[in-house]
Structures are given as C-alpha cells and as structure tokens.
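One structure below.
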Amino acid sequence: MNILEIKKTLYTLIQYEDSAITHTIPQVLELSYCKTSKIFQITTLTDQKTLNYNDYDIDNASEALYKILN
C-alpha cells in the first residue's frame, strides 16, 4: 500500500465518521477513526502500542502507517 492509498483510506474514515469502522490487518495493525475526539487510532498488534493522530494530521498518520506496513 502506498502513501496515496493510505491517505485515501484515512479520508474515507473521516467521511464515514458516523459509522464505527475498524480496518484490521491480521497480526499487524488496527486502524479506526473516532468522531468524538477527531483522532485516528493505530494499534500495532505485535506489541499493542497505540498511536493517535488528529484528523488534521493526515500526513503524519499516513507516514506512520506506511512505516508499519513496510
């Protein structure tokens, strides 16, 4: 998955903010968006670390996801 595909996924999560959507890549990560706090939450499943990024910080969130995936 490249940076543009990741950004598109993040923008899609914002568009569907009224729905609880979690993207899961088994044994790698879970990605979700919280409408209330307006953050993306990335949880790495190997070590259970959670990273939070504000919705206006899509560039940094997409870079973090790219690094995890590659």
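Predicted model only: the values in this text are computed from it and were never measured. Computed over heavy atoms, backbone and side chain alike; hydrogens, waters and symmetry mates excluded.
- Through direct or indirect side-chain contacts shorter than 4.5 Å among Ile, Leu, Val, Met, Phe, Trp and Tyr, Tyr56 is connected to no other residue.
- Between the CG atom in Leu51 and the CG atom in Leu65 there is a gap of 8.5 Å [rounded to 0.5 Å].
- Sorted pairs that involve residues 2-24 and meet ring pair (Phe, Tyr, Trp, His ring centres under 6.0 Å), not counting sequence neighbours, are lacking altogether.
- Scanning for side-chain hydrogen bond (donor to acceptor under 3.5 Å, both in side chains) contacts around Asn52 gives an empty result, with sequence neighbours left out.
- Within a 6.0 Å sphere centred on CD of Gln27, other residues, nucleotides and ligands contribute 12 heavy atoms or fewer.
- Under the side-chain contact (heavy atoms from CB on, under 4.5 Å) criterion, Leu69 pairs with Met1, Ile6, Ile25, Val28, Leu29, not counting sequence neighbours.
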Considering only distance and modelled atom types, tabulate donor-acceptor pairs under 3.5 Å from the side chains of residues 32-43, sequence neighbours left out.
unit_1: Tyr33; atom_1: OH; unit_2: Asp55; atom_2: OD2; d: 2.9
unit_1: Lys35; atom_1: NZ; unit_2: Asp18; atom_2: OD1; d: 2.5
unit_1: Thr43; atom_1: OG1; unit_2: Thr50; atom_2: OG1; d: 3.4

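- Rounded to the nearest 0.5 angstrom, Ile21 CD1 and Ile14 CD1 are separated by 11.5 Å.
- The CG atom of Leu10 sits 10.5 Å away from the CG atom of Asp57 when rounded to the nearest 0.5 Å.
- Residues that satisfy the side-chain hydrogen bond (donor to acceptor under 3.5 Å, both in side chains) test with Asn2, not counting sequence neighbours, are absent from this structure.
- Among residue pairs with one or both ends in residues 2-15, those qualifying as salt bridge (Lys or Arg N to Asp or Glu O under 4.0 Å) are Lys7-Asp59; sequence neighbours excluded.
- Pairs engaging residues 61-70 under the salt bridge (Lys or Arg N to Asp or Glu O under 4.0 Å) rule: none recorded [sequence neighbours left out].
- Under the salt bridge (Lys or Arg N to Asp or Glu O under 4.0 Å) criterion, no residue pair touches residues 20-34, with sequence neighbours excluded.
- Take Asn70 and apply the side-chain contact (heavy atoms from CB on, under 4.5 Å) test, not counting sequence neighbours, and it matches Tyr66.
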